Colleague: 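Structure provided below as structure tokens; questions to follow.
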Amino acid sequence: MLWRLRAWIGYWVARRLFRWSWMVRQPRAWAWMQGQFARMAAQGYVPAQSFYGHLLLFRGQGFGAREEGLRLLRLAAEGGDGKAAYQIGVQYLAGDSRQAPDAAEAARWWARAAELGHPLAAQRLAQLYRDGGDGLAPDAALAERFARRAESLGFRPKG
């Protein structure tokens, strides 16, 4: 119980310190903050998994950090985080050196994100169904359904 409380307090302090750019540039402080983020993510706290997953994916050093970021984002998405599910879909659609782009898998993750209330995921999914993609045939009915969902979630097209 005491260790869990200590982890929560450490995570809370680290998230507050993260807002100060000069603190993030301090190597010892940054190492401590990453430890707090990792500890809470390992305990299964979905917001920490999402936050630290995004951090590792976009700012991590090396291939291992990227892979760990994707793993944490998958866990967060399975735990109900729409932003993480959206980002997993983006990664599947982009592909990488080990995996070809997979529009069907991106559509699956974006559908999950739209279900969780992510408006951009619903809009991107509508566009993907309108245009089709690698492994995904165009479907006008699904495109219209997700376009309406995006509007109901508050997405407003530019222009």
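Because only heavy atoms are used, hydrogens play no part in the values below, and waters and symmetry mates are left out as well, while side chains stay in. Nothing here was measured: the structure is a model prediction, and the numbers come from that model.
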Colleague: Considering non-hydrogen atoms only, spot the tightest contact between Ala126 and Ala147 and give its length.
Modeller: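 Here Ala126 and Ala147 meet closest at CB-N, 3.5 Å.
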
Colleague: Can you confirm whether Pro101 sits close enough to Leu93 that some side-chain heavy atom of one is under 4.5 Å from a side-chain heavy atom of the other?
Modeller: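 No, their side chains stay 4.5 Å or more apart.
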
Colleague: Verify, without hydrogens or angle tests, whether Gln123 (side chain) and Pro119 (backbone) share a donor-acceptor contact under 3.5 angstrom.
Modeller: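 It does not hold such a pair.
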
Colleague: For Ala14, is there any backbone N or O sitting under 3.5 Å from a side-chain donor or acceptor partner on Gln36?
Modeller: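 No, because the side chain of Gln36 does not come within donor-acceptor range (under 3.5 Å) of the backbone of Ala14.
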
Colleague: In terms of hydrophobic clustering (I, L, V, M, F, W, Y; side-chain heavy atoms under 4.5 Å; direct or indirect links), are Val90 and Ile88 co-clustered?
Modeller: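 No, because Val90 and Ile88 fall into different hydrophobic clusters, even though each may have its own neighbours under 4.5 Å.
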
Colleague: Would you call the rings of Tyr86 and His118 parallel, tilted or perpendicular if under 30° counts as parallel and over 60° as perpendicular?
Modeller: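 Ring orientation, 0 to 90° scale: parallel.
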
Colleague: Does Leu153 share a hydrophobic cluster with Tyr129, counting links as ILVMFWY side-chain heavy atoms below 4.5 Å and allowing steps through other members?
Modeller: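 In one cluster with Leu153: Tyr129, no.
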
Colleague: So does Arg6 have more than 12 non-hydrogen atoms from other groups sitting under 6.0 Å from CZ?
Modeller: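 It does not: Arg6 CZ has 12 such atoms or fewer within range.
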
Colleague: How about Trp110 and Phe146: are their ring centres within less than 6.0 Å of each other?
Modeller: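 Between Phe146 and Trp110, which both carry aromatic rings, the centre distance is not below 6.0 Å.
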
Colleague: Hey, any chance Tyr11 and Met23 share a hydrophobic cluster, counting ILVMFWY side chains that come within less than 4.5 Å of each other, even indirectly?
Modeller: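 Result: yes, single cluster for both.
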
Colleague: Working to the nearest 0.5 Å, report the span between CG of Leu72 and NE2 of His54.
Modeller: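 Interatomic distance, Leu72 CG to His54 NE2, rounded to 0.5 Å: 11.0 Å.
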
Colleague: Examine distances only and state if a side-chain atom of Ser50 and a backbone atom of Pro47 form a donor-acceptor pair shorter than 3.5 Å.
Modeller: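 No: the side chain of Ser50 does not pair with the backbone of Pro47.
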
Colleague: Looking at every non-hydrogen atom in both residues, tell me the closest pair between Ala84 and Ala77 and how far apart they are.
Modeller: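 Looks like CB-N, 3.8 Å.
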
Colleague: For the atom pair CZ (Arg108) and CG (Leu136), what is the distance rounded to the nearest 0.5 Å?
Modeller: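 Spacing of CZ (Arg108) from CG (Leu136) equals 13.0 Å.
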
Colleague: I'd like to know if Arg148 and Glu151 make a salt bridge, using a cut-off of under 4.0 Å between side-chain N and carboxylate O.
Modeller: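 Here Arg148 does not pair with Glu151 in a salt bridge, since their nearest N and O are not under 4.0 Å apart.
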
Colleague: How far apart are the closest heavy atoms of Ala121 and Ala113, and which atoms are they?
Modeller: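 The pair with the smallest heavy-atom distance is CB-CB, 3.5 Å.
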
Colleague: Going from CD on Gln49 to CZ on Arg74, what distance comes out if it is rounded to the nearest 0.5 angstrom?
Modeller: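 Those atoms lie 12.5 Å apart.
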
Colleague: Specify the closest pair of heavy atoms between Gly135 and Ala104, including all atoms of both residues, with the distance to one decimal.
Modeller: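 Taking every non-hydrogen atom into account, O-CB, 3.6 Å.
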
Colleague: Could you see if Leu55 belongs to whatever hydrophobic cluster contains Phe58? Use Ile, Leu, Val, Met, Phe, Trp, Tyr and a side-chain cutoff under 4.5 Å.
Modeller: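 No.
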
Colleague: Between the side chain of Arg149 and the main-chain N/O of Ala114, is any donor-acceptor distance below 3.5 Å?
Modeller: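 Side chain of Arg149 to backbone of Ala114, a donor-acceptor pair under 3.5 Å: yes, one is there.
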
Colleague: Do Leu57 and Trp109 belong to the same hydrophobic cluster, where Ile, Leu, Val, Met, Phe, Trp and Tyr are linked whenever their side-chain heavy atoms lie under 4.5 Å apart, directly or via other members?
Modeller: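 Yes, Leu57 connects to Trp109 through the hydrophobic network.
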
Colleague: side-chain contact (heavy atoms from CB on, under 4.5 Å) between Phe63 and Arg98: does it pass, once the steps are laid out?
Modeller: CA-CA 11 Å; Phe63 190 69; Arg98 298 182 312 132; 3.3 Å; yes

Colleague: Is the Phe51 ring parallel, tilted or perpendicular to the Phe18 ring (thresholds 30°, 60°)?
Modeller: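 Ring orientation of Phe51 relative to Phe18: perpendicular.
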
Colleague: Regarding Arg66 and Gln91, is there a side-chain donor-to-acceptor distance under 3.5 Å anywhere?
Modeller: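 Yes, a side-chain donor-acceptor pair sits under 3.5 Å.
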
Colleague: With the side chain counted from C-beta on, respond yes when Met40 and Tyr52 share a heavy-atom pair under 4.5 Å apart, and no when they do not.
Modeller: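 No - every pair of side-chain heavy atoms lies 4.5 Å or more apart.
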
Colleague: Hey, does Leu17 have a side-chain heavy atom less than 4.5 Å from the side chain of Trp32?
Modeller: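 Counting from C-beta outward, Trp32 and Leu17 do come under 4.5 Å.
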
